[in-house]
Amino acid sequence: MRLVVLGCAGSYPSVDAAASAYLVQADDAAGRTWTVLLDLGNGALSPLQQFGDPTALDAIGVSHLHSDHVADLVVLNVLRRYRPDGPLPAVDVWGPEGTAERLAEMAGKDPATGLDGQFRFRTWDPAAPVTVGPLTLTPVPVEHPVPAFGILVTGPAEDDPGRTVTLGYTGDTDECPGLDVLASTDLLLCEAGFRDELDDDVRGIHLTGGRAGSVAQRAGAGRLVLTHLTAWEEPAQVVAHAAASYAGPIDLATPGATFRV
């Protein structure tokens, strides 16, 4: 299983990074590559075309409905729908209740029926994991001002397909019980959208580098990848705050970075 970072900027695209978007890929026993897209925020369709293939998605998982995580699904619909050789088959889009309506609202005059032509909308159920080829996606409720889910991905290890590994994607969240579930993984892709010390009194929205490191250490994450940093953050400082409590390896998500699990 491997993770490809498409966009990693927090809250809005930065000068050099689109908003949140990630590919998770794994090969099955026959050698077929399965690809799941996790979120597609503002500007992320561009790196999806650079680092992936928007016509070869097997499923899409949406963490929550803020535009920095879903906006470019509207234009992904355009890319897939108006191809010279005809529309692509519909792909499953798993998300919170109201995902179809939210995207139709953002699409404006492009009606909901048009979105339905490319997307089969499904609602996350934490009690019903989703199977996509060799991958299993389990939505985990997390803490954010709107209904939000982290996504626990289980699949074959990149270096040993007979071994099962796990990846936890937090989406946007503050500390909550679900975060510990997501962090008890081989790789934790964890947002750090707030600033330690300056934003410590703002709760229920985002993590800081320090809080991300604390949960990674507490839950035993094998590797911590920090993402969703805002443009005014100093990345080295965010890493330092995380490293103050987490003893394992820490990376910063950057566009095009690939992590093999």
Side-chain angles (χ1 to χ4, degrees), residues 1-8 17-18 20-41 44 47-63 69 91-92 94 129-140 149-171 178-192 212-213 215-217 219-229 235 239 242-243 246-261:
M1 183 163 60
R2 53 199 172 271
L3 167 70
V4 182
V5 177
L6 303 176
C8 53
S20 297
Y22 312 90
L23 292 177
V24 178
Q25 298 179 310
D27 301 331
D28 64 17
R32 183 212 196 275
T33 298
W34 294 77
T35 300
V36 174
L37 173 65
L38 301 181
D39 288 345
L40 194 69
L48 174 57
Q49 295 172 83
Q50 182 178 0
F51 303 119
D53 183 350
T55 72
L57 302 174
D58 295 297
I60 299 170
V62 172
S63 66
H69 290 256
V91 60
D92 286 337
W94 294 88
V130 175
T131 299
V132 183
L135 299 169
T136 300
L137 314 178
T138 303
V140 179
F149 295 89
I151 302 167
L152 175 65
V153 185
T154 304
E158 184 77 354
D159 60 352
D160 178 8
R163 181 168 60 90
T164 298
V165 292
T166 52
L167 180 156
Y169 169 47
T170 66
L179 185 58
D180 286 81
V181 175
L182 296 162
S184 300
T185 48
D186 295 289
L187 187 150
L188 174 61
L189 177 62
C190 189
E191 68 110 324
V215 71
Q217 183 68 24
R223 186 178 202 92
L224 175 60
V225 178
L226 296 170
T227 190
H228 203 273
L229 276 65
V239 171
Y246 176 62
I250 302 175
D251 295 281
L252 283 170
T254 56
T258 299
F259 300 92
R260 303 184 185 278
V261 189

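Taking all atoms of both residues into account, the shortest heavy-atom contact from Gly213 to Tyr246 is O-CB, 3.4 Å. For the pair Pro161 and Pro156, the tightest heavy-atom approach, listed with the atom from each and the gap, is O-CB, 3.5 Å. Of all non-hydrogen atoms in Leu48 and Pro54, the two that sit nearest each other are CD2-CB, 3.7 Å. Across all non-hydrogen atoms, the minimal contact from Val5 to Phe51 is O-CD1, 4.3 Å. Minimum heavy-atom separation, Leu135 to Gly155: CD2-CA, 4.1 Å. Ala212 and Glu191 get closest at one heavy-atom pair: CB-O, 4.3 Å.
Side chains of Val239 and Leu226 form a contact here, defined as non-hydrogen atoms less than 4.5 Å apart. Side-chain atoms of Leu188 and Val225, non-hydrogen and from C-beta on, never get closer than 4.5 Å to each other. Contact check for Glu158 versus Thr258: no side-chain heavy atoms found under the 4.5 Å cut-off. Between Leu189 and Leu182 the shortest side-chain heavy-atom distance does not fall below 4.5 Å. Taking 4.5 Å as the limit, every side-chain heavy atom of Ile151 sits out of range of all side-chain heavy atoms of Trp94. A 4.5 Å side-chain heavy-atom check between Leu229 and Pro235 finds at least one atom pair inside the cut-off.
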Asp39 vs Val62, side-chain contact (heavy atoms from CB on, under 4.5 Å): CA-CA, chis, key distance, verdict: CA-CA 5 Å; Asp39 288 345; Val62 172; 4.2 Å; yes
Verdict with reasoning, Val153 to Val36, per side-chain contact (heavy atoms from CB on, under 4.5 Å): CA-CA 10 Å; Val153 185; Val36 174; over 6 Å; no
Derivation of the side-chain contact (heavy atoms from CB on, under 4.5 Å) call for Asp27 and Arg2: CA-CA 10 Å; Asp27 301 331; Arg2 53 199 172 271; 3.2 Å; yes
Val24 vs Met1, side-chain contact (heavy atoms from CB on, under 4.5 Å): CA-CA, chis, key distance, verdict: CA-CA 7 Å; Val24 178; Met1 183 163 60; 3.8 Å; yes
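One side chain, Asp186 or Thr166, offers a donor N or O that lies under 3.5 Å from an acceptor on the other.
Remark: Ile60 CD1 to Thr35 OG1 distance equals 11.5 Å, nearest 0.5 Å. Rounded to the nearest 0.5 angstrom, Thr33 OG1 and Asp53 CG are separated by 11.0 Å. Remark: Leu38 CG to His69 NE2 distance equals 11.5 Å, nearest 0.5 Å.
Ion pair Arg260/Asp159 not flagged as a salt bridge, since none of the NZ, NE, NH1 or NH2 atoms sits closer than 4.0 Å to an Asp/Glu carboxylate oxygen.
Tested against Val215, the residues Thr170, Asp180, Leu224 include a single side chain to side chain contact (heavy atoms under 4.5 Å, CB included) partner, Asp180.
In terms of modelled atom types and a separation under 3.5 Å, the side chain of Asp28 and the main chain of Ala30 share a donor-acceptor contact.
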